[in-house]
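Here is how names work: the chains are called A, B, and so on, in the same order as the sequence lines, proteins then strands, and each is numbered from 1.
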Amino acid sequence: MRNQPVQAAAPLPGYVDVVLPRRLDRSFTYIVPTELRGQIVIGQSVIVPFGTQDLQGVVIALHHRPPSGAPEAGLKSLRSCGETSLDHVLTPAQVELSRWVAERYAAPWGQCIKLVLPPVEQPRRLQARYLPTAHGLADLSTHSGVGEDEMRLLARLRRRPKGIMERTLLQGDTSSSVTALRALVRKGLVVRSDAAVAPTGTRRGKKLVLTTGLSLPMEEAGEASPPLSAEAQSWLMVIDKQVAADGYSALLLEGERATRHWCLVQAAQATLRRGRRVLVVTGDVENAGRLAGVFAAVGEQAMLLHSGLSVKEREAAWQAARVASATIVIGTRMAVFAPIDRLGLVWVEGEDDTSLKEEQVPRYHARDVAQERARRDRAVLVLASNHPSLESWLAVRQGLMMACVYRNPTQGPKIQVIDLKAYGRDSSAGTVLTPPLCEGIRDALQQRLLVVLFLNRKGFASVLHCGDCGAMPQCDVCSVALTFFRHRSQVRCHFCGRAKPVPDHCPRCRSLKLEPVGSGTERIEEAVRRMFPLARVGRVDGETIRRPADARAVRRLLDAGELDIVIGTQMLFRLALQAKAAFVAVPDADAGLHIPDFRSAERMYHGLVDAADLALPATAGGRLLVQTRLPDHHAILALASGKEELFVAQEQAFRQLLQYPPWTSLIRLDVSGTAEPSVARAAHRWVALLRGQVFSAQGAPISGGHGVPQPAGFAGVAGESRQPLILGPSPAPHAMVRGRYCYQILVKADSSEGGRAAVLRTREELERESRQGALRFEIDVDPVSMT
DNA sequence: AGCACGCCGACT
DNA sequence: GTCGGCGTGCTC
């Protein structure tokens, strides 16, 4: 406003906005002390006073005068810059990427900035105790010149030779006690001891697994083998061209693991030849190690970066990436944020792996962040998988990505589908142990060959299905399995919350044999052991495999031929058992379909494809037996015919019809708290606010009140921007999670931007008006699991 | 998120 | 009395 000569002469910004690594949406404004003016840049790491503590934050904006949001008085000053070395400056690209994550996933920027900051050791909190010294314990009469307050404190401490915590000691009246206590310490009557206490409270529960990150046993190294020669040629041409193009491009690579490994090595080497660097992201720690082994086998050094490493090791990896001494970085989802410049290739290995999605705030999906990074860095993005996600197939179809499918049709086992409806009708374990299944096991055992049984344990939700035809009661609107509540004798859709009495007959065949699903399958292991008492049976699931070492132990047993039958869940596929079993069986393929999740068919199909890969090629006698009550299901048909496109096309049609991802964007809202009525009230209120938003923004009401039939799709004509649909609220399937009641709301929108804005605005309002802080409102953009 | 502060209740 | 466990409110 006014031109003050003094200011005109010194145009250095005197104020900065700082983002702090906390769950706070706002940034905070600080005064730059004169001696630091001119040294501060955007991305600069600074130490600032925040409440009672000093925190490291990141400068995101510079100002010449206090910005409008800042309080008039009471601005504090920056304490210092984190040293002047480059380590303490984030590049604009890193700051921007964290902001993108914050926006994309409706997460506080403060939480997201942590993703791009170098890992730091969690400072141990100290808990102060005070103990009486020998001198202090001596006869009271010998203490002269000790004040009244000091005497009182000392008397208390003398009764407690093990000492008293500071918090207890200074409870209530403070100032006088503090000085008295200080005096006692000064006089040597009392000592202070700082016992280190584990970092406070609710840190991530995972125990630190100490793995030697950099040296891998050779057995862990995955193999890399080229696809058929024509395809190998094609890959080399494609990847060379893309890398040379020096711009963003995206490829979808489908193939078996060894093929993908070979393609990865080729792509990485092509990238390195051009003087650019490589980032590989994968779902789990073991796989990261395996990929490092693949590179080691061809003489390329790769740097590992994952949560299994200690903070120190992670810090070192981060540093190595920054100074460009690491040309290949391999890691789990956190690695997408590694500071790698001159990035030429971003490879997502197992792009459909659900563990790429972070389940804590910020709930980012590493595949999507990888894509954004590649785009910003003008790098080549490769999404690789044995069974790509429908999201990626849609991108291919829309011309956003080029697909390379390298499959050797002679590699698969002989596939046999068994219709369970033809065998027994009771729900005992015996039902799924059909004669063909038992014969298959017996044959393999006789030839001393390996048997694998893949169980989809995830299917054991409380869901009804028909004992005769296998159909299950579904929500008319959402087409997901209805959850069965025995005590209320109700079924309820966990998507839209609609409830109705338990149907008395099957919706398809009118049979009266509706029963809870999976009741017999649980004991299959027992039944197998009983039937083949001499076989050596191993179990591979979440309970038996807790650490990578457990997986290695099972591997060793297998390699030594000490196991005849392996029974396991999804965990089987982490063992790298490809083409090892003569007989692979899926006793109850439909189990996974009963999860009330629109992706359950996709997961089932992926499981079947992976199971098939465990079997030897048909030419070597490999067999896969799939048992189902739904032999006409598109996942089964596609598997049996080897025509993946059959599955993809039908599943895409289904998703499009019902307006599910990837055709729409979904946002899951979670309301939780300790008192059920207020949680339910808040959840309903959120829905009302959202509907109000949509209403006022679009000028037309949307359908979908409780119990009112609503169209499955959107109102409006295709092409127009349609209104978001709001489903729910419905109590979360396991209504109580860690002592909290949870309700869920789903927002279905054309694009995630539209939904996000409304969700954020309404949450703000909700938080303002709900004075009870016990309530928590969480947002999950693009949720990957519906439970 | 983390921290202080205050209140409750379990265990000496 | 001691101390852990929450709920609440605040952070330039």
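- For the residue pair Thr29(A) and Asp17(A), a side-chain donor N or O sits within less than 3.5 Å of a side-chain acceptor on the partner.
- Ring centroid separation for the pair Tyr364(A) and Phe337(A) comes in under the 6.0 Å cut-off.
- Atom pair Leu20(A):CG and dT11(C):P shows a separation of 13 Å (rounding to whole Å applied).
- Atom CD of Glu778(A) is separated from atom C1' of dA1(B) by 12 Å (rounded to the nearest Å).
- The main-chain N or O of Val346(A) is never found under 3.5 Å from a side-chain atom of Arg373(A) such that the two would form a donor-acceptor pair.
- Whole-Å rounding puts the Phe777(A) CZ to dA1(B) C1' distance at 18 Å.
- In this structure, CG of Leu78(A) is placed 16 Å from C1' of dT11(C), rounded to the nearest angstrom.
- A salt bridge does not link Arg363(A) with Glu358(A): none of the charged nitrogens is closer than 4.0 Å to a carboxylate oxygen.
- Judged purely by distance below 3.5 Å, without hydrogens or angles, the side chains of Trp109(A) and Ser98(A) pair a donor atom with an acceptor atom.
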Each nucleotide N or O in nucleotides 1-4 of chain C that has a protein N or O under 3.5 Å away: list the pair and distance.
from	atom 1	to	atom 2	distance (Å)
dT2(C)	OP2	Arg156(A)	NE	3.4
dT2(C)	OP2	Arg156(A)	NH2	2.9
dC3(C)	OP1	Arg129(A)	NH2	3.1
dC3(C)	OP2	Met165(A)	N	3.2
dG4(C)	N7	Arg167(A)	NH2	2.9

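- Rounded to whole angstrom, the span from the CD atom of Glu166(A) across to the C1' atom of dA4(B) amounts to 13 Å.
- Arg22(A) has no side-chain polar atom (N or O) that falls below the 4.0 Å cut-off from OP1 or OP2 of dA1(B).
- Atom CZ of Arg23(A) and atom C1' of dC3(B) are 16 Å apart (whole Å).
- Glu676(A) and Arg681(A) are not joined by a salt bridge, as no carboxylate oxygen comes within less than 4.0 angstrom of a charged side-chain nitrogen.
- Using a 4.0 Å cut-off between a side-chain N of Lys or Arg and a carboxylate O of Asp or Glu, Arg99(A) and Glu96(A) qualify as a salt bridge.
- The shortest distance between side-chain heavy atoms of Lys76(A) and Ile31(A) does not fall below 4.5 Å.
- Arg192(A) has a carboxylate O that lies under 4.0 Å from a charged side-chain N of Glu166(A), or vice versa, which qualifies the two as a salt bridge.
- Residues from residues 46-58 of chain A placing a heavy atom under 4.0 Å of any atom in DNA chain B, listed by number, are Thr52(A), Gln53(A).
- Atom pair His63(A):NE2 and dC12(C):P shows a separation of 16 Å (rounding to whole Å applied).
- As a whole-Å value, the separation of Phe28(A) CZ from dT11(C) P is 8 Å.
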